Amino acid sequence: MSEVTPVRERPTARVLLLDADDRILLMKGRLPASPDAQGVWFTIGGGIEPGESVYEAAAREVAEETGLTGVVLGEIAWRAEVILPDRKQRPVLFKNTFILARCAGGEARRDGWRPLELEFVDDMRWWSVDELAATEEAVWPADLAARLRALLGR
C-alpha cells in the first residue's frame, strides 16, 4: 500500500499593487519545483508568518519585494486556493488572500529579495489592464485582467 502525502497549507497575502495610473505591478517567475518551465506573471506577495495578520504580511511582502514606500493597503478583493508542488514535489495548498493596494508607482527594487526569489523571479514590471488582457504570456490568476476591470469599475 502506498503512502498518501499530506497536503501542507500555506496562507498567503497577495497584493494587487496599483499605481496612480491603475497599472498593476507583477513579477514573472518559475516554481522551484519546475525551474526550467516558462515563467508566469503573478502578483506581489507571499507567505503569512506565524502571528502575522494578512495585512501585516502584505505590507512586509510589498516592502521586501519592491522597496516601494507610501503603499496604502485597501480592502480584501477576493480569496482563492490552489495546490502547487514545493521543491520536493510535495503538494502545498496555498490559501491566497488578494488585497487591493495603492502607491505612487516607480521602479521596484530587488535588494530585499531572498536567494530563492533572486533565482526564480526573472522580471518585474507595471501592466495596464489593457496590456494584461491582451498578453499571450501566462498570468496567474488567469482571469486577473477581468477581475481588475471589475474592481476598477471598467
Side-chain angles (χ1 to χ4, degrees), residues 9-48 52-87 91-154:
E9 290 186 7
R10 182 168 185 213
T12 65
R14 308 297 324 167
V15 182
L16 306 166
L17 185 57
L18 301 175
D19 70 3
D21 296 321
D22 287 340
R23 297 180 307 163
I24 186 169
L25 185 61
L26 298 179
M27 304 168 81
K28 184 178 186 179
R30 299 159 283 124
L31 290 171
S34 305
D36 298 325
Q38 179 179 348
V40 174
W41 290 97
F42 57 93
T43 60
I44 304 301
I48 299 172
E52 221 177 18
S53 73
V54 68
Y55 282 97
E56 290 166 336
R60 177 183 48 76
E61 288 289 341
V62 169
E64 289 174 359
E65 292 182 350
T66 73
L68 295 170
T69 59
V71 174
V72 177
L73 297 174
E75 66 192 47
I76 292 175
W78 72 84
R79 289 184 170 90
E81 295 182 353
V82 63
I83 295 177
L84 297 170
D86 67 10
R87 278 189 272 187
V92 178
L93 173 61
F94 288 86
K95 296 181 139 195
N96 301 294
T97 300
F98 289 83
I99 298 171
L100 192 59
R102 293 277 184 179
C103 71
E107 189 165 338
R109 296 189 329 264
R110 298 179 183 215
D111 50 339
W113 287 19
R114 297 181 192 110
L116 191 67
E117 292 165 325
L118 290 168
E119 184 177 353
F120 290 102
V121 177
D122 303 317
D123 200 1
M124 194 167 22
R125 67 171 272 226
W126 294 97
W127 292 75
S128 71
V129 176
D130 289 341
E131 289 171 330
L132 200 52
T135 189
E136 294 188 18
E137 293 191 65
V139 175
W140 184 85
D143 62 349
L144 183 58
R147 286 179 180 263
L148 284 175
R149 278 198 171 114
L151 284 170
L152 297 170
R154 294 185 182 165

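All of these numbers come straight from a predicted model, not from anything done at the bench.
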- [ ] Check whether the ring centres of Phe98 and Trp78 lie less than 6.0 Å apart, and answer yes or no.
- [x] yes

Say whether, by atom type as modelled, one donor and one acceptor occur between the side chain of [X] and the main chain of [Y] under 3.5 angstrom.
X	Y	result
Thr135	Glu137	yes
Glu65	Gly45	yes
Arg109	Gly67	yes
Asp19	Asp21	yes
Trp126	Gly106	yes
Arg102	Val72	no

Open item on the list: Regarding Asp130 and Arg149, does a basic nitrogen lie under 4.0 Å from an acidic carboxylate oxygen?
Closed with: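 Salt bridge flag = yes for Arg149 with Asp130.
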
Open item on the list: With a 4.0 Å cut-off on N to O distance, would you call Glu64 and Arg114 a salt bridge?
Closed with: yes

Open item on the list: Take a 6.0 Å sphere around CZ of Arg79 and say whether it holds more than 12 heavy atoms from other residues, nucleotides or ligands.
Closed with: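 It does not: Arg79 CZ has 12 such atoms or fewer within range.
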
Task: Passing candidate, side chain to side chain contact (heavy atoms under 4.5 Å, CB included) with Trp127, options Leu144, Leu26, Leu25 - done: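 Considering Leu144, Leu26, Leu25, a side chain to side chain contact (heavy atoms under 4.5 Å, CB included) with Trp127 is found only for Leu26.
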
If you compare all heavy atoms of [X] against all heavy atoms of [Y], which two are closest, and at what distance to 0.1 Å?
X	Y	value
Cys103	Thr69	CB-O, 4.5 Å
Val15	Ala58	CG2-CB, 3.7 Å
Ile99	Gly74	CG2-O, 3.7 Å

- [ ] Report the distance from atom OG1 of Thr66 to atom CE of Met27, rounding to the nearest 0.5 Å.
- [x] 9.0 Å

- [ ] Output the distance between atom CZ (Arg60) and atom OH (Tyr55), rounded to the nearest 0.5 Å.
- [x]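 If we round to the nearest 0.5 Å, Arg60:CZ and Tyr55:OH are 16.0 Å apart.
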
